[in-house]
Structures are given as structure tokens and as C-alpha cells.
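Just so we're on the same page: letters track the sequence lines, and every chain starts at 1.
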Number of protein chains: 2
Amino acid sequence: MATLPPKPAMKDRILETADRLFYLQGIRAIGVDTIAAEIGISKRTLYNHFPSKDALIAAYLERRFVPPRASDKPPAEQILATFDALERRFAAKDFRGCPFVNAVAELGPADPSVRRIAIAFKESRRLWFRDLLHQLGATDPEALATQLALLVDGSIAQDLVRNDPAMARAAKEAARVLLANAGVVLDENAAAIAKKPQRAAK
Amino acid sequence: MATLPPKPAMKDRILETADRLFYLQGIRAIGVDTIAAEIGISKRTLYNHFPSKDALIAAYLERRFVPPRASDKPPAEQILATFDALERRFAAKDFRGCPFVNAVAELGPADPSVRRIAIAFKESRRLWFRDLLHQLGATDPEALATQLALLVDGSIAQDLVRNDPAMARAAKEAARVLLANAGVVLDENAAAIAKKPQRAAK
DNA sequence: ATTTGGTTACACAGACCTGTGTAATTAGTC
DNA sequence: GACTAATTACACAGGTCTGTGTAACCAAAT
């Protein structure tokens, strides 16, 4: 009988598999045959869902574009937690750098659409930093947000070649210094302090 | 027979052309035919000088590996000048990111030799930073050198996607803050100050 | 003038790639 | 059962790629 929902998501399965293979092994290194074979479908089915490999690549990158979600945690914590999350991702076996940077590096300047979405992604993260810094009353949130973005991308690039999650911690330490220099109050117990609306210092 | 100048010109021409094409358009995007055609030689000649494309790729990366040269300028200036040089390179039309990071991103984890040389390059720069920081008496030169390397690679990655030389200036500003925080004296006239016979100067 | 070594033209093998055409097959729906 | 829509197997066109084999060619040194 209906062993499977008729249209659960063939398209999703294709995208999911393409994502994994593209990201881990490179876009140019993976052919559509490989993707179809990995799922166990025919190449024809894949082309029934995506008109071309380029369309699949575009969908892959768009799927990777998840804007940083808002949080109710203290802004300073959110910023620093970014680097903790990075460190966790670095430690994972399947981390292979920033998919957008990699795609630009691979596809080169020939593909402007790839560059467009990569720019959008980088900018969205920069703006996320900027707004948090603004909430914190940092001096020159615009410039500092850019600098934090540099640290994020720098640690990603370094980890890509070195496979060393400590790069995330180094970035975090640098971020701490930059934040302090911008007048942001940084305390190890910042979370606890923020939770208790007291003004008493420790 | 004593002198057999095997015309190094040809091999160099091949390498030079391969370098330009590989770097600007990507290693996978350029075939050996394209390289040979660009020089105006036959593909056979190319294969007479390099046994395989992989060998050519390896030679290309090794050629790109130029360790930072020593200088007699004040260490702090050398460090900051790194970012000025970056900004100049970003502004150039033919800048396309770090060739080592790009190669790792392109060739993926399949090629361990590419990763090896990329690691060596990154480490050589880090050590160059570290030694300068040591001369400057910075606190924890080891950690700070890593952080400066993050800024360098971060600005390169950001410029790769954004095409914005200002990323180098942002990195320089961040570097200034980190240096100051490590106790390094930073003055716009640092050069003049350092020139004055302070202590054991050459 | 003959040997020698690098080079050339060119064909070709063997892969792999994207993308299509087609007819048969399945499964869910009326 | 009949209709519909997705999927399948499979062949194939046309392209690109790496790498090799071969015979001719050219220049300079012997």
C-alpha cells in the first residue's frame, strides 16, 4: 500500500544529498550521476526536478543561506557564543570551510550569481554583528562588526587548511579584546549579571 | 657536454602560464590543453616537462610559496605594513584570494599534498609574526601571532567575495588594537622612535 | 654532415561530464 | 478497471579532460 507518502520530498532528498556531496567534496568534483546514484534514483528524475546542474548549485547555496536567528540572550554573549559554535563545527568531522567562500573559489569569477549570494551571506552576518554591537553601545559598531566578521572568516579559512578547532578560540580571544576596546563590558559572569537586574558589581 | 643548459626557459614559461591561469580561473577549470595553447606550444612538450597535471599543480603551489623576507625595518612597522601590502594586492585587478586556501577548497581533502604545502605556508607566516612580536616584547607572541594570521586570512576571504580592499584596512585597525593590548608601543612615528639608539640596536 | 635533443602535429584511447529522448513501469486516484 | 503523474532503465549525443604513441622536424653542436 502506501508505504511512503507519495510526494514527501524527492526534491528535498536530491537537495540534501547534493548539499552533502558538494560541500564535502567540491562542486566541480561531483557530477549529477554521482548524486543520483547516491540517492538511488535515475539521473532523469534529478533532471525532472532541476533543469540543470547550475540550478542545483544555486539551490544548494540558497539552502545554505540561513540568516543568523535572533536570540533573547545578552548581545555580548551572543557575539562570543558565535565563536563557541564555530569551534564546535570545526571539531566536527564533516566541516570543510565556508560553502560560499569555497564556491567562489571553485567557480571563480565566471559565475556572478554565486558571488552575489556569497556577498549577501557575509553581509547578513556583518549586519547581525552590527546590530548587537549597537545594542551594546559599542563605539563604531560598523567598523567593529567588519572586524568581527574578519575573525570569523579568518578562523574558518585557517581551520580549513589546518584542521585546528583552536583557531576558533583564538578568534574569540581577539574578539574579546576588540570588544573591550570598544567599551563593551565583558565579564565571565555576564550571563548571571544580566539575569539579575542588579547593578552591583561582583 | 660539460655545459648542458637545458633551456630552463620553457619550463619556466609553462609554470608561469600555469600559475596565472590556475590562480585566476581555478585549477580544475583549466586543462593542460588550455595552458599549452596559451603559450603556443604543443601539449606533448608540456608533458615532456611535467609528468602529470598533478605535478604541475604541485610545482605551481611550491612556486607560490615565498616565505616572508626579513627586513631591517622596525618590527611593529613590518607587521602593520603587511596589511598595507594586502590592501594594495586587493586593489589589483588580478587578485583572487589565497592560492593555497583556494587549492584546498577546490581539490578537497582528496589531495593531502596540497594541504601539506598550504599548512606550511600558513605556519611560516605565523612564525614570522611570532618572531617579530617576540622582538617587540609583546605578551604571548604565540597567541597574538595566530590572531594576526586570522586577520590576514579573514581579510583575504572577505575580499575574495566582496572585492573590497577596505577589508585590509579593517584588519589593520584590528591588528593595532590587538598589538596595543599586548603592550606593544604603537605610534604613528614609531619608525622615528625606533631609529633613535635605544638599546642593543644594530 | 651526422648525431642529438627538444619540439611539433596529430591521432587516439579511455574516462567522465551534462543533458536529452523514449518507452516501459509503478503507484496513487477517479 | 481506467486515468494520471512520477519514476525508471537505458541509450546516446556532444563535449571535455588527461595522458600516450608516433613520425616528422629543426637547431645546434660534433
Side-chain angles (χ1 to χ4, degrees), chain A residues 1-61 102-103 106-108 110-111 113-114, chain B residues 1-61 102-103 106-108 110-111 113-114:
Chain A
M1 306 294 284
T3 54
L4 287 176
K7 304 176 184 177
M10 175 62 82
K11 199 165 189 170
D12 282 351
R13 267 207 293 166
I14 296 173
L15 257 182
E16 190 187 335
T17 307
D19 182 287
R20 190 177 70 251
L21 297 179
F22 279 163
Y23 178 66
L24 285 182
Q25 310 198 41
I27 294 173
R28 287 197 118 110
I30 293 296
V32 289
D33 299 84
T34 308
I35 298 172
E38 174 87 3
I39 316 177
I41 64 173
S42 77
K43 186 170 57 169
R44 204 67 186 81
T45 301
L46 191 151
Y47 273 104
N48 282 345
H49 288 274
F50 298 92
S52 68
K53 187 185 179 182
D54 280 354
L56 186 55
I57 295 171
Y60 152 60
L61 290 178
N102 292 357
E106 256 193 286
L107 282 348
D111 200 324
S113 70
V114 166
Chain B
M1 71 185 300
T3 66
L4 262 189
K7 284 188 172 180
M10 181 58 84
K11 197 163 190 173
D12 282 352
R13 268 206 293 167
I14 295 173
L15 257 182
E16 191 187 335
T17 307
D19 181 286
R20 190 177 68 248
L21 297 179
F22 280 164
Y23 177 65
L24 285 181
Q25 309 196 40
I27 295 174
R28 287 197 119 110
I30 294 296
V32 287
D33 299 85
T34 309
I35 298 172
E38 174 88 3
I39 317 177
I41 65 174
S42 77
K43 187 171 56 168
R44 205 70 186 77
T45 300
L46 191 151
Y47 273 105
N48 282 345
H49 288 273
F50 297 92
S52 67
K53 187 184 180 182
D54 280 354
L56 185 55
I57 296 172
Y60 152 60
L61 290 178
N102 291 357
E106 258 194 282
L107 280 353
D111 201 324
S113 70
V114 167

TODO: Using only side-chain N and O atoms of A:Ser42, determine if any of them is under 4.0 Å from OP1 or OP2 of D:dA9.
DONE: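 Result: no.
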Open item on the list: So, does A:His49 get its side chain near the phosphate of D:dA6, meaning an N or O under 4.0 Å from OP1 or OP2?
Closed with: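 No, because none of the side-chain N or O atoms of A:His49 sits under 4.0 Å from OP1 or OP2 of D:dA6.
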Open item on the list: Using a 6.0 Å cut-off, check whether atom CZ of A:Arg20 has over 12 heavy atoms from anything other than its own residue.
Closed with: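 Enclosed: over 12 neighbouring heavy atoms sit under 6.0 Å from CZ of A:Arg20.
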Using atom [atom1] of [X] as one end and atom [atom2] of [N] as the other, report the distance to the nearest whole Å.
X: A:Ile39; N: D:dT7; atom1: CD1; atom2: P; answer: 11 Å
X: B:Leu107; N: D:dT18; atom1: CG; atom2: P; answer: 12 Å
X: B:Phe50; N: C:dT7; atom1: CZ; atom2: P; answer: 12 Å
X: A:Met10; N: D:dA5; atom1: CE; atom2: P; answer: 17 Å
X: B:Ile57; N: D:dT18; atom1: CD1; atom2: C1'; answer: 11 Å
X: B:Leu46; N: D:dC17; atom1: CG; atom2: C1'; answer: 14 Å
X: B:Ile41; N: C:dC10; atom1: CD1; atom2: C1'; answer: 16 Å

Task: Shortest non-hydrogen contact from B:Ile30 toward B:Lys53 - done: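 That would be O-NZ, 2.8 Å.
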TODO: Might you point out which heavy atoms bring B:Thr17 and B:Ile39 nearest each other, and give the distance in Å?
DONE: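 It is OG1-CG1, 3.5 Å.
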Open item on the list: Of the options D:dT20, C:dT7, C:dT22, whose atoms approach the side-chain atoms of B:Arg44 most closely?
Closed with: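 The nucleotide sitting nearest to the side chain is D:dT20.
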Open item on the list: Quick one: does any side-chain atom of B:Arg28 pair with a main-chain N or O of B:Glu106 as donor and acceptor, under 3.5 Å?
Closed with: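 At least one qualifying donor-acceptor pair exists.
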- [ ] Kindly compute the distance separating CD1 (B:Ile57) from CG (B:Asp19), expressed to the nearest 0.5 Å.
- [x]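 Reported to 0.5 Å precision, the distance equals 12.5 Å.
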Open item on the list: Treating primed atoms plus P, OP1 and OP2 as sugar-phosphate and everything else as base, which nucleotides of nucleotides 13-19 of chain C get B, S or - for protein heavy atoms under 4.0 Å?
Closed with: -----BB
- [ ] Could you check if a side-chain atom of A:Glu16 sits within less than 4.5 angstrom of a side-chain atom of A:Asp12, using non-hydrogen atoms only?
- [x]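 Counting from C-beta outward, A:Glu16 and A:Asp12 never come under 4.5 Å.
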